[in-house]
Each structure stands twice: as C-alpha cells, then as structure tokens.
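Below you'll find the structure, written out as structure tokens, and then a few comments.
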2 protein chains.
Amino acid sequence: MSEPKIQDVARLAGVSPSSISNFLNNRMEQMRPDTQRKIQQAIEQLGYRPNNAARQLKTGVAKMVGLLVPSLANQFFGSLACAVETAAARHQCHVMTFSTFRDPDRERAVMADLLAYGVQGIITGSALNDTDHLAAMTSRCPVVAFDIKRSEDNHERIMTISVDNAAATAMAVEHLVALGHRSIALVSPPPYTLNRQDRLKGFQQAIAQAGIAGELVIADATDTPPSDPHGDTQLFELGRSAAARILAAPGKPTAAIAINDMMAIGIGVGLKQLGLRIPDDFSLIGIDDIFFSAAHDPPLTTLRQPIQAMADAAVQRILAPGAGQVAELFPPELIVRASTAAPK
Amino acid sequence: MSEPKIQDVARLAGVSPSSISNFLNNRMEQMRPDTQRKIQQAIEQLGYRPNNAARQLKTGVAKMVGLLVPSLANQFFGSLACAVETAAARHQCHVMTFSTFRDPDRERAVMADLLAYGVQGIITGSALNDTDHLAAMTSRCPVVAFDIKRSEDNHERIMTISVDNAAATAMAVEHLVALGHRSIALVSPPPYTLNRQDRLKGFQQAIAQAGIAGELVIADATDTPPSDPHGDTQLFELGRSAAARILAAPGKPTAAIAINDMMAIGIGVGLKQLGLRIPDDFSLIGIDDIFFSAAHDPPLTTLRQPIQAMADAAVQRILAPGAGQVAELFPPELIVRASTAAPK
DNA sequence: CTGTTAGCGCCTTCAA
DNA sequence: TTGAAGGCGCTAACAG
C-alpha cells in the first residue's frame, strides 16, 4: 500500500534524488538523455507519483483553486464547475469545489478549509449579500466573485465577473420588439440584488427606447413548497404561479422576459396549464441558457451567458493576477429557439 | 499574505507548540482549562489555520476522497457530486471531483492525480467498460464504482453500488399494467452495459409475468448532433428521434419505459411533435428522477434512484472498509407524476 | 551534469 | 502538564 518515494526511484535509476526532482519539474537540460531515460523507466516500473502534500509543503503553493457554488445539484452551477475545471486544467491546476447551500456559516467554514489547503485563490458563484466577509478573504488570497456587482460596499480587492445584465434584458426586449410585440412583461423575484436591478434597468431603458409598454411582475409567492431545496426549484414554482398575474397585468403583455431560464420554464408550464400555447399565444424568453432550455418543449429562446469564457477569465485573474481587469462584464448571446414568435 | 503557523500561536499563547497540536487534535485532557482558553484566544487572534499539507505529510493521510464523474454539467452527476459531498462531510472529509468526459486517458490521468493527493479512496460514477484499470487501482486505495455491475471480468476488490436495475423496469411495468396497459415498449440505446442488460431483463420478466406484450425499441441513430457534448444530450435526441418507431412497433404500445429520464423527456417531445398528448394518448415513464423530471411538462413519472443513500454507502465503504457489503443494490422508488395514465 | 543538504509546518513520542 | 527533537517526501540551492 505504501507508495514509492523519490528515493526509491533514485536508487532504482542509479542517480540522485535531485535528478529525479529535476526530471519531474521538466528541467531536462540538466541531465543527459540516457539519465532521462533511466529515470523515466524507473518511474514507470515503480508506478511512482510525486506526493503533492510534500511538494506543496516545500514550495508553499498548491496548484489548486477553490470554487464555491450554492449547490452542484443546480444545473447552472454544475456547468460552471465544469467550465472552471476546464479553465484551470489549461494551467495545470486542479479545482476543489464546495457547495455552500447558501448558508453563511458554511460559506465561511469552507473558505477556511480552502485556505488550509493552500489554494491559490477562490472563485465564488455563491456570494452572499454580506460581501464584507468576502472582502476580508482578499488579504489571504485572490478572490473572484461571479455575478455580484462591485459597489461602494464591497472592497476594491474583490475581482468580479458577470454577464452584462442590462444588455441581456435589453437584447431580449429588442428581439421581442423586432418580432412585433408592443407590450412586454419582465418577471422577476424581488430585485434585491444589484444584478437583478441591472436586468430591470436594462429592461426599462429598452422599453423606453422602443416606446412600448413594459410591465414588471414581481413573483414572490408560491403555493407549493420547493421539491429540491438546493436546486433552485423555487424559481420554477415562482414562475409557474406567476403565470396568471402576467396575463392579467395592466398592459396585456403578449410576451414575457424571465429573470432566468428556470423561471421561464416555470412560467411556460403555468401558461400552458392556463390553456395558452407557446409561442402561438404568448412568447417567452429566458436568461442563462441552461442545459434544459434546449431540451424543453418548446425549446426556449434565451440569452446565453458565456460560461466558459467567464470561467477562463476567473481562473486567469487568480493565476495571473494583474493580467486582467478587476471587474469585467461579458456580453450575453441571443439564442433564438422556439418559444418566441410574432404576436397574434 | 503569509499564514500564521503553529509556532506563532504557541508564542502568543505562551505555551509550547505541542500543546497547540494537542489542542487542535482535541486532546483537551492534556492541558489545563486556562491553557486551553489562552490557546483558543491566540488562534482566533491570529486567524490561525493548520496547514493541511504539513499535517498530511506528517500523518500520511488526507481527509479526502476522490470522485470521478463524466461531467458535472450532466445534471445527474451534479446531484451525485452534491450527495457525495454531503456524505463525506459527515465524516469530516472533503471531496475532490474530476470530470472525465468519458475519456479513458483522462480517467487514468485524474486517478493518478487523486492518488498524488493522497485521497483515502476513489468513488467513480464514470466507470469505463475497461474495468481492468479500475481493478489495478484497488491495490493503491479502496475503489467504489457506481453503476457498474460486478462480473467475472472485474476484480473482487472493486466495490460496487447500483440501483436495482431489474427492479426498476419491473416496477415500471407493474405500474403501467396496474393502469391497464397491455402493450409496453422499453426504449434503450444498445444495451452494451450490464446495467442496461439488467433493465432489459427486469422488463422482460415482468412482461412475461403479466402476460402482456413487450416491445424492445433500440434507439441508436439520431439526426441532430448533440448540443452539449458532455451533458448527455445524446439520450434526449435519441429519445426524440425514436418516437415514431415506438408508435410503429409491432405490438402497438400504449406506453413506453425509457432507459432513463433524459431519454424519456426526449421521447415525450418527439411524441408531442407527432401530435400525441401525454398522458392522454400515450404514457411515459423514466428512470433516475433527475431534477427536471418534476419541472417538465407534464411532470414525469419515474423510478427514483436513492442518490443520497447510495452516496452515503459509497463514502462508508471508503472510510470504514469492511463495514459493508462489497456489492450493494439499492431499491428504486416509484414516483408517480403526470406522464402516466390509463390507456384510451 | 550530478550528489549533498537543509528545511517547508506539523505531529508525536519521549523526557522533564 | 509541557518542552525538545526528529522526520514525513520533496525542492532548490550549492558544492563537486
């Protein structure tokens, strides 16, 4: 069971441990080809793997970044984790992911764990409203937060990455207007977060610019409890129970923009239960482009967040500090599928 | 930036490093209460965190298990990762998750990485057909594989955990028969894996027992390329393009059991495009109970895999070897939703 | 080009 | 109840 160590390899290869170390760290110019070959062979023969803990203890750095998400059971964050893993791999770096379940205590605890592992930085997709604690982390390691917006409250040292929220809703409005809609609803939970406020702002500006009717429908009550506490089913339920109120809104909207896909899907189901057909009777558009948007019926038109590009940028910020801006907004991409059409 | 170390705490508390160590390892009986208090205070004042690498190097074990999944972007495996994280946390253990993208080379590489981190064991939800390599790992650390079935080919030392596949399809048949269906199709990709063969077997036995018509529809061709290479969209597309063939099957099935939910959802969409309504014109049942099954239209009847229980068992096998069986089958649970009804 | 050496931070006897 | 000391496996000078 006990793993072979660098000494064993050295002995077998008939060279010194430092040559093995050089070999492992790709300093090939420091040895003759045949030494190289012997080392290679010895390593394979023994099935030798360097011990990360020892290496880390010595060098002081772990090739590792930490990732915090609300829950991996939430499809959006599963995709994010996958993208971050891919991005980190480009830098020979591994990712340690923790689910926080949006629990502030747990968030604090796992950040401490991450620090104990010596991660090079922390990426969070689970930023709490209280950014003070996050800001405090920046004195320990670089911190990149997805989807929170810089404000006076949060320290300069938190790097932020977000989709351009105002652009997303504005593009949604433009798409709908181009289709001929003249009255559009924006459906959202209470816009507590700056992100949601940005989406609202983008919506209102685009509505004003197009000179059409815009309705804000706040979805904040649901009759059925969430079936999965961590999967963000709430938004689905919220959307579903908002369907009737959307139709009854003052401007008689013929289309709705949901704050995200999960909610859009819920709205769609609610609308169908009310007897409407999508997109014939009503158009629907989401934000995110989660996996199931394409597999939905009808396939959902949405504004895709460029997750991989955002993940790449996040990892870059951690591993090559100073290489990029502190705050960056990524443009969403309109994915036209079958949930939007001209109004009747 | 440099973290405080045990010496610093000792100095500040006015005690020796070993007392700090005793404190950290909960050997409180070895010191006076006031020493304890002083240490506690010093730790907090410094924001001290023990260095995992040093601890691991010294003790030889990392409180960590490794998890391999095809991709976290696949909702089922995101849920699995979440469940494993929860299970491991009960043992003060962390999880390092890697996506393999079903690439054998990558699978081998990440297993080696996991070993280098000194994980206590490896849980894989991404077992390749070639179990030899997996079996070879068992000499390095305990290995638990989800969803592969023990056979003569794979070594005794791979511990396996799986839902009872035969029971799942059998229960699905029984549910459908109770509803009045007399001709049922099982839709599956080619049943290369033992798991799928078991599902097929359970289906056939249940069909025979009920004395009704059973049809096997192999879905192996799709016209549209997968939209997400790692999200298992293939099964969705496969299901969708199989819809017509299901209806045309010899026995004129009035209901279908899909090999999993993803495929069931695809079949449902395909069927609807053909003008059928579910469950009025046709009943559909899946296996897994992924998140979106409940949020689908109509909500999908399915056989739930008890993921948390399975994850608990997997972690148990790793952390408390000998505590459980080597191979274990978990009973699926029938979740009746709205995609099944009596035939017309 | 290769070997020797001194720790990285912590844990754990062992002695005081 | 506390302190001193050795070493886990590896890396990076530095000396040969």
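Computed from heavy atoms alone, side chains included, the values below leave out hydrogens, waters and symmetry copies. Every value quoted in this text rests on a predicted model; they were computed, and no experiment measured them. Order of the sequence lines sets the chain letters (A, B, ...), proteins ahead of strands, with each chain counted from 1.
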task: Apply side chain to side chain contact (heavy atoms under 4.5 Å, CB included) to the pair B:Met111 and B:Leu134, showing each step before the final yes or no.
output: CA-CA 9 Å; B:Met111 283 210 174; B:Leu134 244 199; 3.4 Å; yes
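- Rounded to whole Å, the distance from CZ on A:Arg11 to P on C:dG3 is 13 Å.
- To the nearest 0.5 Å, the span separating CG on A:Leu46 from CZ on A:Arg11 amounts to 9.5 Å.
- Taking OG of B:Ser99 as the start and CZ of B:Phe77 as the end, the distance is 10.5 Å to the nearest 0.5 Å.
- The line from CZ of A:Phe101 to CG of A:Asn74 is 11.0 Å long, rounded to the nearest 0.5 Å.
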- request: Using the side chain to side chain donor-acceptor pair (under 3.5 Å) rule, take A:Gln40 and A:Glu44 through it: C-alpha gap first, then chi angles, then the decisive distance, then the call.
  value: CA-CA 6 Å; A:Gln40 175 70 44; A:Glu44 280 172 10; 2.7 Å; yes
Return the polar atom pairs (N/O with N/O) between nucleotides 14-16 of chain C and the protein under 3.5 Å, or none.
none

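- Nearest approach of B:Phe23 to B:Met31, heavy atoms of both residues: N-CE, 3.6 Å.
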message: Could you go through B:Thr86 and B:Gln308, starting from their C-alpha distance and side-chain angles, then the distance that decides it, and tell me whether this counts as side chain to side chain contact (heavy atoms under 4.5 Å, CB included)?
response: CA-CA 8 Å; B:Thr86 300; B:Gln308 188 62 58; 4.0 Å; yes
statement: Whether each nucleotide of nucleotides 7-16 of chain D has a protein heavy atom under 4.0 Å at its base (B), only at its sugar-phosphate (S) or at neither (-) is summarised, 5' to 3', as BBBBBBB---
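- Annotation for A:Ile307 and A:Ala83: closest pair CG2-CB, 3.6 Å, computed over non-hydrogen atoms.
- Within residues 31-41 of chain B, the residues that place at least one heavy atom under 4.0 Å from DNA chain D are, in residue-number order, B:Met31, B:Arg32, B:Thr35.
- The minimum heavy-atom distance between A:Met96 and B:Val95, with the atom names listed, is CE-O, 3.5 Å.
- Contact between A:Ala145 and A:Ile158 at its shortest, heavy atoms only, is CB-CG2, 4.0 Å.
- OP1 and OP2 of C:dT2 both lie 4.0 Å or more from every side-chain N or O belonging to A:Ser16.
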